[in-house]
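Before any comments, here is the structure.
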Amino acid sequence: MSNLEQIAKLSGFSKATVSRVLNKSRHVSPETREKILQVIREMDYVPNRNAVSLSKGKTLQIGMITAGITEVILPFMTSFVEVAAEHGFQTIIYTSDSDRNRELQAFEDLKQKRVDGLLIITCVNELSVVSSYNKYGPIVSWQRMDRPDIPSVAMDQYGGYALAIEHLLERGVTKIANAFGRPSSLNTLRRIQAYEDKMTASGLTIRRDWYFNAVYHLEDGQEVVRRLLGAPTQRLTDTHARREAAAGEPGVLETYAEASYPRSTDDRASRPRLEWAEEEAIAKPERSRGRACADPDNEGPVRPFEREHPFGEASTQFGSNDADSPAQAKYSDELPQAIVCANDYVAAGILSEARRMGWDVPGKLRIVSFDNMQIASTLGLTSVQNPIRDQAYNAFALLSPNLLGHQIPLKPLSFSLAVRETT
């Protein structure tokens, strides 16, 4: 007698009902489920996963691809693991440390049917390579791929960032600094566009000398405050560069910035260093105004900036000696009234360092964060609510036709603002 038959006999239910319980089907009453589970516990029964896979023609496993695991992407990963488990799937995490060959193992496992599908959180291989594996199984991405054959659950962050800027403007704040994430990502470009559009519409000065880029973690936020207040700062280290690659900000691999500033052969050293000679900055002062240009080849939402990367010579790049640049010197006697941050952990670093150095929050400095994770509520940070859990659910929903044989409904996604003590 098989284990399934034994459980059915001892519980008093059919093999089909027992099978539904083992497969975590929702079409079983709680009372029936508990009776069958009690028999399973008494028998100390453990399903043979290989046998289950053979019977279903699936591994019941989904691969998650990421350069590394950080506090920024952990909520998304956790939420995806939960929704996958609800439908009977386990998850395998492939961490590449930004090594393309290591990352390819995940795609090869899809090809060899060791996993039933893949979720890309961050990916360093070329998009053409990623697309070539579509024929072996479903692939979905949290990273913005900008390709129709790789569905993505990433949201256009223009709307969320615009909420943050509008909130500050409504409170009479006119001098706003920005702590951005990955310089080359579409998310960053859209956030820049939102800030500049709102400032321009209000007739206010766009302060590109207060653009801080490659800001990802709590200590990076502390560094922003030290730079603004002229305190001693730390130099860029290899550790920061590696953390940057694994920061988990969903971006895009092929952007205007990368076309203008080619990557090195090592993606972990791919962040562009934009250091302009003083003579060029003086000769071309219009560069600091960030004029957008029409791009006949790009009808999408991102507007590349004329003859330059959006950060330009006035931006603050960790690891570069930019404190003495003309743009910085011009406004050296001023401080921003607010900082809008790449994520909640950056905002936490800015808040803690500002208070440590006597910069009154929110009296003299207001802080708006992004994502609205638990740390934002704990510290009283005003934060843009980013529906990360629903994005993770939608990632599984996009895989569901191949995994389950039917499409589960997608959840609507929208940004909102949680207003707290820092504004």
Check your understanding: Do the side chains of Thr423 and His167 get nearer than 4.5 Å, heavy atoms only?
Key -> yes
Check your understanding: At what distance, to the nearest 0.5 angstrom, does CZ of Arg33 lie from OG1 of Thr17?
Key -> 11.0 Å
Exercise for review: Spell out, as yes or no, whether a donor-acceptor pair under 3.5 Å connects the side chain of Thr66 to the backbone of Ile121.
Suggested key: no
Point to revise | Donor-acceptor contact below 3.5 Å, side chain Thr188 vs main chain Pro183 | key: no
Exercise for review: Would you check if the side chain of Asn402 reaches a backbone N or O of Gly117 as a donor-acceptor pair within less than 3.5 Å?
Suggested key: no
Practice item. Tell me yes or no: between the side chains of Tyr136 and Gln112, is some donor less than 3.5 Å from an acceptor? Key: no
Review point. Any side-chain heavy atom of Phe370 within less than 4.5 Å of one from Asn386?
Key: yes
Practice item. Determine, step by step, whether Ile65 and Ser96 satisfy the side-chain contact (heavy atoms from CB on, under 4.5 Å) criterion, reporting the C-alpha distance in whole Å, the side-chain angles of both residues, the deciding distance to 0.1 Å, and the verdict. Key: CA-CA 8 Å; Ile65 302 170; Ser96 69; 5.7 Å; no
Check your understanding: Quick one: does Arg191's side chain have a donor or acceptor within less than 3.5 Å of a partner on Gln157's backbone?
Key -> no
Point to revise | Thr70 side chain to His217 side chain, donor-acceptor N/O pair below 3.5 angstrom | key: no
Review point. How many angstroms lie between CG in Leu127 and CZ in Arg147, if you round to the nearest 0.5 Å?
Key: 5.5 Å
Study note, to complete from the structure: Rounded to the nearest 0.5 Å, the OG atom of Ser414 sits from the CE atom of Met155 at a distance of 6.0 Å
Exercise for review: Using atom types as modelled and distance alone, determine if a side-chain donor or acceptor of Ser202 lies under 3.5 Å from a backbone N or O of Leu204.
Suggested key: no
Review point. How close do Gly221 and Ile350 get, heavy atom to heavy atom, and via which atoms?
Key: O-CG1, 3.3 Å
Review point. How far apart are the closest heavy atoms of Ala395 and Phe76, and which atoms are they?
Key: CB-CZ, 4.3 Å
Review point. Hey, are the side chains of Tyr161 and Val340 touching, using non-hydrogen atoms and a 4.5 Å cut-off?
Key: yes
Check your understanding: Which is it for Phe212 and Glu223 under the side-chain contact (heavy atoms from CB on, under 4.5 Å) test, yes or no, and what are the steps along the way?
Key -> CA-CA 10 Å; Phe212 294 81; Glu223 183 84 346; over 6 Å; no
Exercise for review: Would you mind reporting whether Leu110 and Ile139 have side-chain heavy atoms less than 4.5 Å apart?
Suggested key: yes
**Study point:** Val368 and its side-chain contact (heavy atoms from CB on, under 4.5 Å) partner, picked from Leu168, Val419, Ile176
**Key:** Leu168
Exercise for review: Side-chain contact test, heavy atoms from C-beta onward, threshold under 4.5 Å: evaluate it for Val129 versus Leu104 and give yes or no.
Suggested key: yes
Review point. Looking at the rings of Phe107 and Tyr94, which for Trp means the six-membered one, are their centres under 6.0 Å apart?
Key: no
Review point. Within the side chain of Asn394, is there an N or O that forms a donor-acceptor pair under 3.5 Å with the backbone of Lys411?
Key: yes
Study note, to complete from the structure: Closest heavy-atom pair, Ala354 versus Leu365, reported as atoms and distance to 0.1 Å, is CB-CD2, 4.2 Å
**Study point:** Thr174 backbone acceptor or donor facing Gln337 side chain under 3.5 Å
**Key:** yes
**Study point:** Least distance between heavy atoms, Ala392 atom then Val83 atom
**Key:** O-CG1, 4.2 Å
Practice item. Report yes if some heavy atom in the side chain of Gln193 is under 4.5 Å from a heavy atom in the side chain of Tyr158; otherwise report no. Key: yes
Review point. If you measure from CZ on Phe80 to CZ on Phe89, what distance do you get to the nearest 0.5 Å?
Key: 9.5 Å
Practice item. Heavy atoms only: give me the nearest Asp344-Ser383 pair and the separation to one decimal. Key: OD1-OG, 2.8 Å
Review point. Does a side chain donor of either Asn343 or Glu71 reach within less than 3.5 Å of an acceptor in the other side chain?
Key: no
Review point. Does Glu103 come within less than 4.0 Å of Arg100, counting only side-chain N to carboxylate O?
Key: no
Exercise for review: State whether the side chain of Ser79 and the backbone N or O of Arg389 hold a donor-acceptor pair below 3.5 Å, judged by distance alone.
Suggested key: no
Exercise for review: For Arg20, look at atom CZ and say whether over 12 heavy atoms of other residues, nucleotides or ligands are found less than 6.0 Å away.
Suggested key: yes
Exercise for review: Mind checking the OH-CG spacing from Tyr195 to Asn178? Nearest 0.5 Å is all I need.
Suggested key: 5.5 Å
Check your understanding: Does a side-chain N-to-carboxylate-O contact under 4.0 Å join Arg226 and Glu219?
Key -> no
Practice item. Evaluate the criterion side-chain contact (heavy atoms from CB on, under 4.5 Å) for residue pair Met64 and Trp142; output intermediate values, then yes/no. Key: CA-CA 10 Å; Met64 290 195 296; Trp142 191 32; over 6 Å; no
Exercise for review: Quick one: pull up CD in Glu421 and CG in Leu351 and give me the separation to the nearest 0.5 Å.
Suggested key: 10.0 Å
Check your understanding: Less than 4.5 Å apart, any side-chain heavy atom of Arg420 and any of Ser377?
Key -> yes
Point to revise | Sub-4.5 Å side-chain heavy-atom contact between Asn372 and Ile388 | key: no
Check your understanding: When you look at Asp109 and Ile92, which way does the side-chain contact (heavy atoms from CB on, under 4.5 Å) test go after all the steps?
Key -> CA-CA 11 Å; Asp109 280 358; Ile92 300 174; over 6 Å; no
Review point. Is there a donor-acceptor pair closer than 3.5 Å between any side-chain N or O of Thr200 and the backbone N or O of Asp197?
Key: no
Review point. Has Lys364 got more than 12 heavy atoms of other residues, nucleotides or ligands less than 6.0 Å from its NZ?
Key: no
Review point. Distance-only, no hydrogens or angles: does the Asp116 side chain make a donor-acceptor pair with backbone N or O of Leu60 under 3.5 Å?
Key: yes
Review point. Thinking salt bridges, do Glu108 and Arg114 make one under a 4.0 Å N-O criterion?
Key: no
Review point. What are the two closest non-hydrogen atoms of Gly181 and Ala342, and how far apart are they?
Key: N-CB, 3.9 Å
